[in-house]
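Taking it in order: structure first as structure tokens, then the write-up.
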Number of protein chains: 2
Amino acid sequence: MRSHVEPDKDNSKNILKRALQRNELITVYCECEVNYEGRAYSKLERGERVIIIKPDKTLLVHKPTGRNPVNWMKEGASIKFDSNNDSLFINAESINPRERMIIKVSKVHLLHSCELSDAEEVSIMGSEADMARMIYEKPYLINPDFKPVSLEEQTKYGYIDVMGHDGEGTLIIIECKRDKAGLNAVQQLRRYVERIKTAKGTDKVIGYIAAPGMTKNSEQMLKDWGFKFAQVEPPMKNVIDKSRQKKLKDYFLNCKK
Amino acid sequence: MRSHVEPDKDNSKNILKRALQRNELITVYCECEVNYEGRAYSKLERGERVIIIKPDKTLLVHKPTGRNPVNWMKEGASIKFDSNNDSLFINAESINPRERMIIKVSKVHLLHSCELSDAEEVSIMGSEADMARMIYEKPYLINPDFKPVSLEEQTKYGYIDVMGHDGEGTLIIIECKRDKAGLNAVQQLRRYVERIKTAKGTDKVIGYIAAPGMTKNSEQMLKDWGFKFAQVEPPMKNVIDKSRQKKLKDYFLNCKK
DNA sequence: GGGGAGAGATGCCGC
DNA sequence: GCGGCATTTCTCCCC
């Protein structure tokens with residue numbers, strides 16, 4: 001067999017090199033196999049996938065299903081293209097953590113690249129931090145006597161969502177969860193309460209879980225440790241910033257086909 | 001202003017509808033804004049992005065940076081396309097959890113769709129489960145006297161990676177972490193040990209963290225609770241399946257430009 | 001850069 | 001479906 005470079009793969013390689021240099025976002029529909037070596041090993045046999053290379057050198061390999069890439073390299077990977085008789089290679093490496101990916105592309109169905117300009121960042125409402133702020137502003141959601149003092153405080157005893165007291169010398173520590181609280185949430189709370197008790201040399205500390213609900217087991221654990229539960233919904237289900245939310249509501253109504 | 005349908009957007013809409021019906025994987029390079037309402041609220045102002053719609057009705061909106069989509073709908077979303085004078089709309093809804101996304105596309109740069117056939121699943125080596133199996137097979141990695149009995153056991157006291165005894169009536173519980181163990185790992189271990197102590201009515205239980213390393217704080221916590229640490233690397237850094245790994249090594253060597 | 005914790009986490013498995 | 005938990009988690013933020 002004569003040694004020669006298949007024009008197709010060679011052409012793809014050159015297009016990709018140019019696109020990478022120009023920091024364009026690249027999409028490749030192709031048949032490929034993928035090997036990854038780094039934080040783990042992985043092997044993906046031949047199949048059809050979409051590969052995306054972003055301007056920041058994030059590399060994604062997407063199967064036809066699922067939200068997450070089946071293989072990926074994080075931002076800042078060193079990406080190189082190569083080709084031989086019948087394959088196009090996409091090689092990506094990064095240090096710290098030391099990892100490496102090799103994509104062997106056997107067929108290129110489509111190759112596209114284009115500059116993307118996007119200055120906007122997404123804004124999200126309804127996070128746990130929003131919940132903590134809401135509780136700080138509306139302490140009666142926990143308890144009529146609750147007087148919040150600090151918010152999202154990073155103490156050396158841990159990151160405490162909301163902390164305060166009951167006006168009669170008992171400290172109150174609140175752990176917020178935007179979803180149903182599980183065992184982990186109670187453990188966190190337990191750790192904070194224990195540390196505060198030790199640090200302040202007192203037993204007058206009450207721990208609260210503030211969440212829309214709790215799992216059965218975690219409720220039991222809560223009782224076992226003498227903590228309390230306050231049913232609180234994440235703020236976007238009510239209103240945290242009326243004007244903003246109104247605007248969003250209107251937007252959704254107007255767009256609704 | 002005369003009411004009319006811009007051919008471009010209308011055309012895009014029709015192409016998208018057909019592609020969706022055919023279960024093709026769709027890619028749209030476009031200028032768009034995105035609103036999401038469901039588990040939270042989010043708003044993303046106008047900018048250039050890549051939108052992917054997968055055959056399983058996963059919808060991804062990718063910015064030019066980062067590994068994760070800035071907005072998404074999970075598998076099985078109900079997706080509809082619409083257009084008016086100057087915009088193309090991609091609307092996605094799902095029940096359980098009830099959520100909704102509206103993408104207003106102001107410019108379509110590229111629209112592509114194509115069938116993807118991919119029967120292969122990725123295989124991964126070096127997971128925590130692999131680590132647990134390795135320890136089960138090579139108990140001396142923990143302790144010369146360790147006699148493992150159960151592996152990845154889902155008891156009502158929790159999911160215990162490896163459990164066994166020292167041959168002298170003391171139970172040994174091992175929590176594996178493939179990366180550096182943190183406070184959470186120690187808490188997990190603590191929970192398992194406490195539950196086993198209560199269930200068996202004995203104090204003769206030793207807890208181990210098996211991991212490549214531990215954080216300072218978690219090391220302190222480990223000492224405080226009388227647990228122990230065994231330095232163990234995840235198996236892919238050594239060898240779990242020599243033949244398989246050899247093959248992979250060869251592969252990487254051969255591919256290495 | 002390490003450490004701790006949230007995330008619209010996702011995905012897997014077991015009950 | 002819920003629940004507990006790992007993930008090549010990712011990402012942010014603070015020290």
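Here the structure is a predicted model, which means the values were calculated and not measured. A, B, ... follow the sequence lines: proteins, then strands. Residue 1 opens every chain.
- Contact annotation: S127(B) does not reach the phosphate of dT8(D) (side-chain N/O to OP1 or OP2, under 4.0 Å).
- The phosphate of dG3(C) (OP1 or OP2) has no side-chain N or O of Q154(A) nearer than 4.0 angstrom.
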Checklist entry - So what's the dot-bracket for DNA chain C: Watson-Crick or G-U pairs under 3.5 Å, [ ] if a pair crosses, | if it pairs off-strand? => result |||||||.|||||||
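- Among the protein residues, N71(B) comes within range of the nucleic acid bases, having at least one heavy atom under 4.0 Å from a base atom.
- W72(B) qualifies as a stacking partner of the dG8(C) base, centre to centre under 5.5 Å and near-parallel within 30°.
- Put simply, the side chain of E128(A) and the base of dG6(C) share no donor and acceptor less than 3.5 Å apart.
- Note on E152(A): nothing from the nucleic acid sits closer than 4.0 angstrom, heavy atoms only.
- Applying the 4.0 Å criterion to OP1 and OP2 of dA9(C), one finds that R178(A) has a side-chain N or O inside that range.
- Minimum atom distance to the side chain of L183(B) is reached by dG4(C), of the listed dT11(D), dT8(D), dG4(C).
- Here Q188(A) lies in heavy-atom contact (under 4.0 Å) with sugar-phosphate atoms only.
- If you check every strand for non-hydrogen atoms under 4.0 Å, E153(B) touches nothing.
- Taking the 5.5 Å centre cut-off and the 30° plane limit, the aromatic side chain of Y159(B) is not classed as stacked on dC5(D).
- Among the heavy atoms of the strands lying under 4.0 Å from N217(B) are primed sugar atoms or P, OP1, OP2 only; no base atom is included.
- Distances shorter than 4.0 Å separate some side-chain N or O of Y192(A) from OP1 or OP2 on dA5(C).
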